Structure formats: structure tokens, C-alpha cells
Amino acid sequence: MARSKLRFRDALSLGTLGLRTRKGRTAMAAIGIAIGVASLVALVGIINSGEADAQRDLLEQGIDVLELTPGTSFADEPELLPGAAAAIDTHMRDLVDVVASIRRVPATMRKTDFIPSVETGGIRIFAVNEDDLDLLMPLRGGVAYGRFHDAATVQVPTVVLGSDTAGVLGFDELYANPTVHISGHEFAVIGVLDPFTISQGLTLNRAALIGFPVAEELYDADDNPERIWVQADLDVIEQVRELLPRQANPEAPGEVAVSSLDLEAREIISENFESLLSLLVVVIIVVGAIGVGNIMLISVLERRGEIGVRRALGARKIHIAVQFLIESMLLTLLGGLVGIALGLAVVAMATQVLDWPMTVELSFIGIGLGVTLGVGLVAGMYPSWRASRMDPAEAVRPAA
């Protein structure tokens with residue numbers, strides 16, 4: 001007697017049998033898979049679209065910003081840049097648009113002189129010179145209340161507070177000409193800054209800015225900058241990046257670090273989201289595999305009679321296993337296709353509301369489909385093996 005064979009067309013028909021006859025369960029299982037896939041597609045699409053929008057804004061602005069910082073000493077204390085570094089704009093006038101710097105001030109701030117001097121609130125004091133009045137431009141900053149320093153205020157005891165500093169000191173707005181005490185001297189508060197959002201500007205959120213002439217006279221502040229920001233057009237930014245270390249410190253250019261605010265911030269964000277996505281993919285795969293595996297196992301137990309009849313009519317164990325493997329893979333494929341469609345719809349709505357360019361990597365969609373089929377294959381292995389191992393006589397016997 002010839003052994004039975006299972007043609008591919010018949011295998012597909014049998015693989016869809018459980019999906020067609022148990023529509024409610026199929027729909028519920030597919031919805032669970034679709035939600036996971038849709039979440040993943042939506043998250044990736046929104047991230048990609050956000051990065052594309054940031055790139056578009058940068059290109060529209062036509063500028064980028066470089067930050068210069070010194071190395072550290074053997075005691076891991078931050079060094080200072082040479083004083084001549086602040087004059088970069090005079091040496092690279094044709095390449096750079098804005099050069100601004102800050103200098104550290106050895107002083108502490110309190111709201112009143114009645115507060116103990118040790119309670120500084122972690123506020124750092126920096127000084128700006130007349131050449132640094134464009135500081136807010138490269139750092140994408142703004143003034144919430146009052147005003148920033150000008151050529152007159154840097155010459156007298158006035159101070160501009162960072163956003164966190166104003167909160168620590170309790171200045172919601174500037175009424176009645178408020179003052180603060182900086183190491184025994186009274187300073188008039190003339191402005192409060194908006195919160196900085198780029199990473200290199202975060203230091204100034206919990207800081208205070210005074211004029212360097214005052215800082216030099218009262219606190220013997222060092223004229224060497226702690227950090228410098230250089231703004232230049234995108235078409236020359238790489239050339240500027242290469243020239244800056246030697247311009248900032250001709251004697252030791254290797255001790256000057258140059259970083260890009262916009263590009264490196266996006267790289268860090270992208271890396272963080274990639275890590276998050278990797279974790280999310282693993283969670284979705286595990287949860288999806290467990291869910292599909294449970295559903296298929298229940299399906300095997302409910303269809304014992306069908307399996308017994310097919311085995312009694314000559315179906316081989318491999319035929320039964322193939323049937324349930326195909327059913328499992330088709331179930332996850334159905335959920336994956338629905339999930340991709342839902343995820344793309346969410347991305348389209350989100351980018352429409354946020355006015356972002358819709359950007360979705362097609363390769364990721366292909367990978368997503370491959371992953372869903374893989375989940376179906378893995379999830380269906382045990383149920384299909386369980387089905388193929390059923391004894392025909394036991395399978396057709398009515399349950400007690």
C-alpha cells in the first residue's frame with residue numbers, strides 16, 4: 001500500500017481550516033499580535049519621522065554649533081581653555097558666525113545673606129564678557145523674564161539666572177527689582193532664562209551669569225574660558241571642526257575636545273531609542289510566541305477528533321505537524337499584516353498633527369513580517385508535535 005502524500009496546495013487548505021472554522025478565536029489572536037506589531041511600527045515610524053524633522057530644521061537653518069571643552073587633569077579636575085581661544089572669531093572670521101564663551105567664577109550664590117554660605121543649592125556662577133553677548137544664539141536659548149546681559153550690564157553687579165536657579169531661589173517673575181547675594185556682594189537680578197533643551201546647555205539651567213569685569217574685580221576670576229560655542233554654516237562646519245583645536249590651543253591641540261551639539265544629540269537619542277526598540281522587540285516576540293502557542297495548543301486539544309480521523313484515514317505524523325505549523329504561521333502573518341497597517345495609520349496621523357515628514361523604513365517592515373512568521377513557526381512547534389503524537393484510537397474516543 002502506497003504511503004499517503006500531502007501536496008502543498010492541500011497543506012495550505014488544511015492550514016487555514018482552523019482559522020476559517022474558528023473565526024472568533026482567530027480574530028482575538030490576530031488582534032493581540034496586531035497590537036504588538038502596530039506598537040512597534042508606530043514607535044519606529046514616529047522616531048524616524050522625528051529624526052527627519054530635526055534634520056529638515058537643521059538644513060533650513062543652515063547652521064550647526066560646535067562646543068569646545070578642555071581635557072581633565074590627573075585629579076580629574078576640568079582644566080581651562082587658553083584665554084586666546086575666546087578670540088577664535090578674529091582668526092576664523094570668514095568661517096564662523098558666532099563665538100561665545102563662559103568662565104567659571106569662584107563664588108557661591110544665596111537669595112539673602114541670612115542663608116548659611118554652605119547652602120548653595122548646587123548653583124554654579126559663570127561670567128560672560130562683552131564678546132559673549134550672543135551666547136543664547138548657539139545654545140538655542142531664550143529669556144523667560146527680563147533681559148540678557150548687554151555691554152552695560154556686564155560692567156556692573158547684575159546677574160541673569162538659569163531656569164532651575166530661579167526655581168531654587170523662588171523667583172517666578174521679576175517684581176520689585178529682586179537681588180541675590182554672591183559671596184558677600186549684592187547683585188540685581190535682571191533676567192531669567194528659558195530652560196535649555198540641548199544637552200550642552202543643561203549646565204546653564206542651574207547656573208547664574210554675571211559680567212566678567214565684575215567677576216574679575218570682586219572674585220579674581222580667571223580669564224581662561226571653561227567652554228566655548230562656535231556657530232557656523234553647515235557647508236563649512238567640517239572644515240571649522242578640523243581647524244578649531246589648533247586655533248583654540250596652538251601648543252596642545254590634542255587637549256581640546258570638539259563636539260557637535262545638533263549631530264551628537266541626535267546620535268545619542270537615536271542610540272537610546274535603538275536600545276529601547278531592541279528591548280521592545282524581544283518583549284513582543286516573547287509575548288506573541290506565548291500567546292500563539294497557547295492558542296494553538298488549545299486548538300490541538302479541541303480538534304482531537306479531527307486529528308484522530310485524519311490519522312485513521314492514513315495521514316502521517318508529519319502531515320499533522322505541517323498542518324498546525326502552517327496554521328500557526330498564517331495566524332501570526334495575519335496579525336502582522338493588520339498590525340503593520342494599523343502602525344502606519346498611527347504614524348500618518350501623528351506626523352500630520354506634528355507637521356513632520358512621514359518617514360518609515362521599508363526594510364523594517366520586511367523584517368517585521370519575517371519576525372512574525374518566525375514567531376508563528378516557533379510558537380507552533382510544540383502544539384504541532386503534540387498533535388502529531390496523538391494516538392488515533394485515543395483521539396477519536398469521546399472524552400469521559
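All values derive from a computational prediction rather than experimental measurement.
For the pair V180 and M109, the tightest heavy-atom approach, listed with the atom from each and the gap, is CG2-CE, 4.0 Å. Closest of all the heavy-atom pairs between P253 and P245 is O-CB, 3.5 Å. Heavy atoms only, all atoms of each residue included: V192 and A166 are closest at CG1-CB, 3.6 Å.
Atom CG of residue L337 and atom CG of residue L342 lie 11.0 Å apart, to the nearest 0.5 angstrom. L136 contributes atom CG, which lies 4.5 Å from atom CZ of F148 (distance to the nearest 0.5 angstrom). How far CD1 of I102 is from CD of E226: 5.5 Å, rounded to the nearest 0.5 Å. Separating the CD atom in Q247 from the CG atom in L68 is a distance of 10.5 Å, to the nearest 0.5 Å. Taken to the nearest 0.5 Å, the CG atom of D223 stands 8.5 Å off from the OG atom of S101. The distance from atom CG of L218 to atom CD1 of I182, rounded to the nearest 0.5 Å, is 9.0 Å.
When hydrophobic clusters are built by joining Ile, Leu, Val, Met, Phe, Trp and Tyr residues whose side-chain heavy atoms come closer than 4.5 Å, directly or via intermediates, I318 is grouped together with I326. With hydrophobic clusters built from ILVMFWY side chains whose heavy atoms lie under 4.5 angstrom apart, I228 shares a cluster with V258. Residues V347 and I340 share a hydrophobic cluster, clusters being chains of Ile/Leu/Val/Met/Phe/Trp/Tyr side chains in contact below 4.5 Å. Placement of V346 and W356 in two distinct hydrophobic clusters is found when ILVMFWY residues are connected by side-chain heavy-atom separations under 4.5 Å, directly or transitively.
For the 3.5 Å distance criterion, the side chains of R110 and T108 fail to qualify, holding no donor opposite an acceptor.
For CD of E186, the number of neighbouring non-hydrogen atoms (other residues, nucleotides, ligands) closer than 6.0 Å is greater than 12.
Within the 4.5 Å cutoff, no side-chain heavy atoms of V96 are placed close to those of Q231. Inter-residue side-chain proximity for V256 and R246 is flagged as unmet; no heavy-atom pair is nearer than 4.5 Å.
The aromatic rings of F187 and Y219 sit parallel, their planes meeting at an angle under 30°, below the 60° perpendicular limit.
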Walk me through whether I125 and L209 qualify under side chain to side chain contact (heavy atoms under 4.5 Å, CB included). CA-CA 6 Å; I125 314 298; L209 300 172; over 6 Å; no
Trace of the side chain to side chain contact (heavy atoms under 4.5 Å, CB included) decision for F212 with V128: CA-CA 5 Å; F212 178 72; V128 294; over 6 Å; no
Verdict with reasoning, L161 to V159, per side chain to side chain contact (heavy atoms under 4.5 Å, CB included): CA-CA 6 Å; L161 307 178; V159 61; 4.0 Å; yes
Please test V168 against T165 for side chain to side chain contact (heavy atoms under 4.5 Å, CB included), starting from the C-alpha separation and ending with a verdict. CA-CA 5 Å; V168 170; T165 301; 5.7 Å; no
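Listed by first and then second residue, the side-chain hydrogen bond (donor to acceptor under 3.5 Å, both in side chains) pairs involving residues 147-160 are E130-Q155, R147-D150, H149-T153, D150-T153 (not counting sequence neighbours).
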